[in-house]
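Take a look at the structure set out below.
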Amino acid sequence: MERHDLALIGFGGVNRALAELISDRGSALTDQLGFELRVVAITDLRLGSLMQADGIDLAQVLALGPGASFASLPGGHPEPRNEVVIRNTTADTVVEATFTNPVDGEPAVSHVRWAIESGRNVTTTNKGPVALAGTELRALAEAHGVRFEHEGAVMSGTPVLRFAERMFAGLRVEGVQGILNGTSNYVLGRMEDGLALADAVAEAQQLGYAEADPTADLEGSDVQLKVVILANEVLGGSITTADVTRRGLSTVSAGDIVDAAAQGRRWKLIGSARRDADGSITASVEPVALPLEHPLAGISGPTNAVAFDTDLLGTVTVSGPGAGRIETAYALLSDLIAIDAGRRATVGEAAHA
Ligand SMILES: NC(=O)C1=CN([C@@H]2O[C@H](COP(=O)(O)OP(=O)(O)OC[C@H]3O[C@@H](n4cnc5c(N)ncnc54)[C@H](O)[C@@H]3O)[C@@H](O)[C@H]2O)C=CC1
Ligand SMILES: N[C@@H](CC=O)C(=O)O
């Protein structure tokens, strides 16, 4: 049975949920997938690092209490030492799930670069490397013969990037428009219910939807990164965050939300990108008071949706979870499945050569 050994970089909500999935589902998951998953390294700012080439006891590390350190375990160290671990791990695949940095993507961009340079596949839910260095990292992965997968960077576990890549190959996508942030959509809904902004944000944090700094969710920089990814990967653009105009929820008051509801409207944070006649791309993030009959007005809570405007099919809309620890861990699992499918295809080609 083929096995993939993983190094988890960042051990917060998402990577812990992946570890739980691997630990809890065990052999059932192996039977279902046709390959085994084993974790051989973990790093985290708070816990330090742990390297065990024979496989880490996930139940043991998941049970560590607050304030614990990997230093007390064999192969453990009090510091994360990301570069040492990434370059020296026995893992074939690095799973990057540290904080998203919306300004320059670091240190996650370096984590991904080190992994690829040392011949390892990468799966990440971190939007920074994908939006801010995607072109470079894809080229680097190709040069090193490894995979750079990032389904969870847009709409969490909802497989929107792979769907667009595989299902729209024969048509032209002219534009995308959607609700691309679970936290802000959840917060807007709870404010409609009468909750104060701070209380709604605290709930979203508790539920594992929010970024480490939730300003990125509320003020649109998280959606800005996702718009860049969609524009570049689905519309074939080459834009940066500077090309995406941005207005966040601070431009909408609690009173505006109540007034909109009274007028049969609902505020949504909308991200969009459109290819213009000259081939350039116009992109934005802004709050919009949608009429209730608009298809995106009914998308509530942490659910997200994206509408693809196509030449042959008209509008195709995909909706599903936009945030959540388990949902995002599933995105990582779907990437691992894609990585294994790539390996099988390579083995098959070699056998026929
Ligand atoms: N939670 C969600 O619903 C989704 C999250 N994402 C992205 O996935 C990533 C992980 O998200 P969560 O697990 O929810 O975040 P989190 O904040 O729960 O966990 C991040 C972990 O990374 C660790 N970390 C940060 N910088 C580090 C570094 N330099 N070296 C080692 N460890 C480091 C932190 O100590 C923390 O434990 C983020 O980039 C986020 O934007 C993407 C889609 C959905
Ligand atoms: N904080 C983000 C998580 C997914 O990218 C969100 O709320 O959508």
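Start at 1 and go down the list; that is how both ligands and their atoms are numbered.
You'll find the side chain of L235 stays beyond 4.5 Å of the side chain of L230, heavy atoms only. Under the 4.5 Å side-chain criterion, counting only non-hydrogen atoms from C-beta, L62 is in contact with F11. In this structure, the side chains of V244 and V285 come closer than 4.5 Å at one or more pairs of heavy atoms. A 4.5 Å side-chain heavy-atom check between L249 and D217 finds every atom pair outside the cut-off.
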Short N or O contacts of ligand 1 with protein, under 3.5 Å, listed by atom name?
residue, atom, partner, partner atom, Å
ligand 1, 1 (N), G208, O, 3.0
ligand 1, 3 (O), G324, N, 2.7
ligand 1, 3 (O), T328, OG1, 3.4
ligand 1, 8 (O), T125, OG1, 2.7
ligand 1, 13 (O), G13, N, 3.2
ligand 1, 13 (O), V14, N, 2.8
ligand 1, 18 (O), G13, N, 2.9
ligand 1, 30 (N), N82, ND2, 2.9
ligand 1, 32 (N), L45, N, 3.1
ligand 1, 35 (O), D44, OD1, 3.2
ligand 1, 35 (O), D44, OD2, 3.0
ligand 1, 35 (O), R46, NH1, 3.4
ligand 1, 37 (O), G12, N, 3.4
ligand 1, 37 (O), D44, OD1, 2.7
ligand 1, 37 (O), R46, NH1, 3.4
ligand 1, 39 (O), T98, O, 2.7
ligand 1, 39 (O), T100, N, 3.2
ligand 1, 39 (O), T100, OG1, 2.7
ligand 1, 41 (O), T100, OG1, 2.9
ligand 1, 41 (O), K127, NZ, 2.9
ligand 1, 41 (O), E211, OE1, 2.7
ligand 1, 41 (O), E211, OE2, 3.1

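Side-chain contact annotation: S250 with E219, donor-acceptor N/O pair under 3.5 Å present.
The protein residues lying under 4.0 angstrom from ligand 2, judged by non-hydrogen atoms, are K127, N181, G182, T183, Y209, A210, E211, D217, D222, K226, G322, A323.
For the pairing with V95, the side-chain contact (heavy atoms from CB on, under 4.5 Å) check across I9, L332, T124, V122 returns one residue only, L332.
The environment of R38 atom CZ is dense: over 12 non-hydrogen atoms of other residues, nucleotides or ligands sit within 6.0 angstrom.
Ring centroids of H77 and F70 are separated by 6.0 Å or more, keeping the two rings apart.
Classification of the Y186-Y209 ring pair by plane angle, with boundaries at 30° and 60°, yields perpendicular.
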